[in-house]
Trainee: 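Before anything else, here's the structure in question.
Just so it is clear: chains get the letters A, B, ... in the order the sequence lines come, proteins before strands, and each one is counted from 1.
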Amino acid sequence: MSVFALVDCNNFYASCEKLFRPDLRHAPLIVLSNNDGCVVARSKEAKALGIKMGVPVHKIKAQIQQHGIQVFSSNYALYGDISHRVMQTLESLAPAVEVYSIDEAFLDLTGVANAVGLTEFGLHVRATVQQHVGMTVCVGIAPSKTLAKLANHAAKQYPATRGVVDLTDPARQKKLLSLMPVSEVWGVGRKLSERLNALGITTALQLAEQNPKDIRRRFSVVLERTVRELNGESCLPLEDITPTKQQILCSRSFGQRVTHYSDMHAAINSYVARAAEKLRHEQQHCQRLSVYIRTGLFNPNDPRYSNSASLRLDYPTDDTRVLLHAAGRLLQGIWKEGYRYAKAGITLSDFYDRGVTQPDLFIQPNSNPRSARLMHTLDCINQHQRGRVFFASQGTGNAWAMNRNYLSPSYTTHWQALPKVTSKKSSNQKRPFEI
DNA sequence: TCTGGGGTCCTAGGACCC
DNA sequence: TCTGGGGTCCTAGGACCC
């Protein structure tokens, strides 16, 4: 029988911010989405104050003032680095690890139960990550990924579990399933919950008791798998080899509304340059590019407009210049003067491995050998500090740049931002923090 | 005044093939 | 008068995830 563990960091972004600010250890703290728009992470103190996930920050200004809630912009350089450290620790503990997201991983524990108790193993994982990285994690253990997710949820919800729930026993599975609303099940979102509730299926157990074939007919093959997984039948294998990406997106909301074509053009070109950089990092070429722009969604007085356009390139490429040219043509086709634009983005798709190209009978592929060298040089120069070298069409203005007004230092990834350690003696000096 | 970003997978429907 | 069946490929859109 397979055994999976799901290891998930508690309040990940909020915990990362606290790592280097011991003075804020017990403070309510929230992290905002890009552009300082919504709340995307909350410390347990902030949760206790009733701050909801996803709420626009301007709607909770009074609470922030009243309770002295600490506010941070998203600092992905920091979160990415801490995540990497957590994953490295997990890889030292388990035979196979699937990094599922920035703050969680599945471990393959098949066979581990022969050597050591599963709960004991979970507690060891928890203690080791705490010691190595200072991050608190919860561990859910079960015969399928979907059940492991649910076990993890329980480990978070009930402190008496000490952060580890072993759900390999079918009787325990049944009990937990009966306590969980169906909306908590992995793969059951808002729409599916509504449809299931309408059929009288409100708990995870009720979903587990459905006939899989029936569910497939009325819903989809995806939900059928969920039903099977809830019954302990593993349908989703551990994917410990990261599959190649199928698309790369780069999109941003603007710090201020964009009204000039030149600003939009510069923004789009910057996104294209960033996406092309990611594409080369994946060692892929792409043949499809799409561009979209839109106005704000929430101001009833502003006229709304949104549009997108895409095209297929003559041959797959990873040359930023080719993509910039194509993006310019697409933007011209959808740009309309007179609107206040709030957001834009681009998508690269239709990927091919480098050198694996089906040539067209009539079109000569661009075999310019300088292209690859130029892009490689560009990436090398920008490796440690993004944007040292860039294309003129990305512009130098930042009229459209996103707001990040509460950004913490990149403690672990920039030399200049390393935390300072000061002695008590110099306590009359200004100390940002102590370690 | 102010509401995120980056992904995956599945399905339906149309165009096309013999 | 009566006008099939089986299949592929592509795209757009929707649902889900963190």
Trainee: When you measure from the side chain of A/Gln131 to the backbone N and O of A/Ala127, does any donor-acceptor pair fall under 3.5 Å?
Mentor: no
Trainee: Nearest whole angstrom, please: distance from the P of B/dG4 to the CZ of A/Arg42.
Mentor: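 Going from A/Arg42 (CZ) to B/dG4 (P), I get 17 Å.
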Trainee: With no hydrogens and no angle check, just 3.5 Å: does a side-chain donor-acceptor pair link A/Ser371 and A/Asp319?
Mentor: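 The answer is yes; a qualifying pair exists.
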Trainee: Looking only at side-chain atoms of A/Pro56, point me to the closest of B/dT3, B/dG6, B/dG5.
Mentor: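 Ranking B/dT3, B/dG6, B/dG5 by closest atom to the A/Pro56 side chain puts B/dT3 first.
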Trainee: Examine B/dT3: is either OP1 or OP2 under 4.0 Å from a nitrogen or oxygen in the side chain of A/Arg257? Give yes or no.
Mentor: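 Affirmative; the distance criterion is met.
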Trainee: Scan A/Arg195 against the nucleic acid and name what it touches under 4.0 Å (heavy atoms): base, sugar-phosphate only, or nothing.
Mentor: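 Since no nucleic acid heavy atom lies under 4.0 Å of A/Arg195, the category is nothing.
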Trainee: Pairs counted only when both distances fall under 3.5 Å, Watson-Crick or G-U: show me the 5' to 3' dot-bracket for DNA chain C, [ ] for pseudoknotted crossings and | for other-strand partners.
Mentor: ....||||||||||||||
Trainee: B/dT3 C1' sits how many Å from A/Asn403 CG, rounded?
Mentor: 13 Å
Trainee: Could you state the CD1-C1' distance from A/Ile346 to B/dG6, rounded to the nearest angstrom?
Mentor: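 From A/Ile346 CD1 to B/dG6 C1': 12 Å.
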Trainee: Ignoring backbone atoms, test whether A/Ser253 places a side-chain nitrogen or oxygen under 4.0 Å from the OP1 or OP2 oxygen of B/dG5.
Mentor: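 It does, given that an N or O in the side chain of A/Ser253 lies less than 4.0 Å from OP1 or OP2 of B/dG5.
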Trainee: May I ask you to check whether A/Tyr406 and A/Phe72 place their ring centers less than 6.0 Å from one another?
Mentor: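 Not under 6.0 Å, so no.
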Trainee: What integer distance in Å separates A/Arg304:CZ from B/dT3:P?
Mentor: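 Answer to the nearest Å: 12 Å.
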Trainee: Could you state the CE-P distance from A/Met402 to B/dT3, rounded to the nearest angstrom?
Mentor: 14 Å
Trainee: Taking protein heavy atoms under 4.0 Å as touching, what does nucleotides 9-18 of chain C look like 5' to 3' if B marks base contact, S marks sugar-phosphate-only contact and - marks none?
Mentor: --S---SSSS
Trainee: Whole angstroms only, please: what is the CZ-C1' distance between A/Arg404 and B/dC2?
Mentor: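 So the two atoms are 18 Å apart, to the nearest Å.
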Trainee: Have a look at A/Arg225 and say if it touches a base, only the backbone sugar-phosphate, or nothing, with a 4.0 Å heavy-atom cut-off.
Mentor: sugar-phosphate
Trainee: In whole Å, I'd like the distance from the CZ atom of A/Arg252 to the P atom of B/dT3.
Mentor: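 It works out to 16 Å between those atoms.
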Trainee: If you count the non-hydrogen atoms of other residues, nucleotides and ligands that lie under 6.0 Å from NE2 in A/His58, is the total more than 12?
Mentor: yes
Trainee: Send over the distance from A/Glu239 CD to B/dG7 P, rounded to a whole Å.
Mentor: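 In whole Å, B/dG7 P and A/Glu239 CD are 16 Å from each other.
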Trainee: Identify, between A/Gln247 and A/Asn34, the residue whose nearest nucleotide on DNA chain B lies closer to the 5' end.
Mentor: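 Result: A/Asn34.
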Trainee: Any chance the rings of A/Tyr292 and A/Tyr271 have centres within less than 6.0 Å?
Mentor: no
Trainee: Answer with yes or no after comparing the ring centroid distance for A/Trp335 and A/Tyr305 against a 6.0 Å cut-off, counting only values under it.
Mentor: no
Trainee: OP1 or OP2 of B/dG5 versus the side-chain N and O atoms of A/Lys343: is any pair under 4.0 Å?
Mentor: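 It does, given that an N or O in the side chain of A/Lys343 lies less than 4.0 Å from OP1 or OP2 of B/dG5.
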Trainee: How about A/Trp186 and A/Phe4: are their ring centres within less than 6.0 Å of each other?
Mentor: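 Centroid separation for A/Trp186 and A/Phe4: 6.0 Å or greater.
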Trainee: Before accepting this row, confirm whether a basic side-chain N of the pair A/Arg354/A/Asp318 lies closer than 4.0 Å to the acidic partner's carboxylate O.
Mentor: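 A salt bridge links A/Arg354 with A/Asp318.
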Trainee: Closest to the A/Tyr76 side chain: B/dC2, B/dG4, B/dG6?
Mentor: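 Looking only at heavy atoms from C-beta outward on A/Tyr76, the closest nucleotide is B/dG4.
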Trainee: Hey, which sits more toward the 5' end of DNA chain B by its nearest nucleotide, A/Ser220 or A/Ile248?
Mentor: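 Closest to the 5' end, via its nearest nucleotide, is A/Ile248.
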Trainee: Would you say B/dC2 has OP1 or OP2 under 4.0 Å from some side-chain N or O of A/Lys59?
Mentor: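 No, no such contact exists.
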Trainee: Could you measure the distance from the CD atom of A/Gln210 to the CZ atom of A/Phe219? Nearest 0.5 Å is fine.
Mentor: 8.5 Å
Trainee: What is the nucleic acid contact for A/Val221, judged by heavy atoms within less than 4.0 Å: base, sugar-phosphate only, or nothing?
Mentor: sugar-phosphate
Trainee: Closest approach of A/Ala14 and A/Ala41, non-hydrogen atoms and distance?
Mentor: N-CB, 4.1 Å
Trainee: Does A/Ser251 have a side-chain nitrogen or oxygen under 4.0 Å from the phosphate oxygens OP1 or OP2 of B/dG6?
Mentor: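 It does, given that an N or O in the side chain of A/Ser251 lies less than 4.0 Å from OP1 or OP2 of B/dG6.
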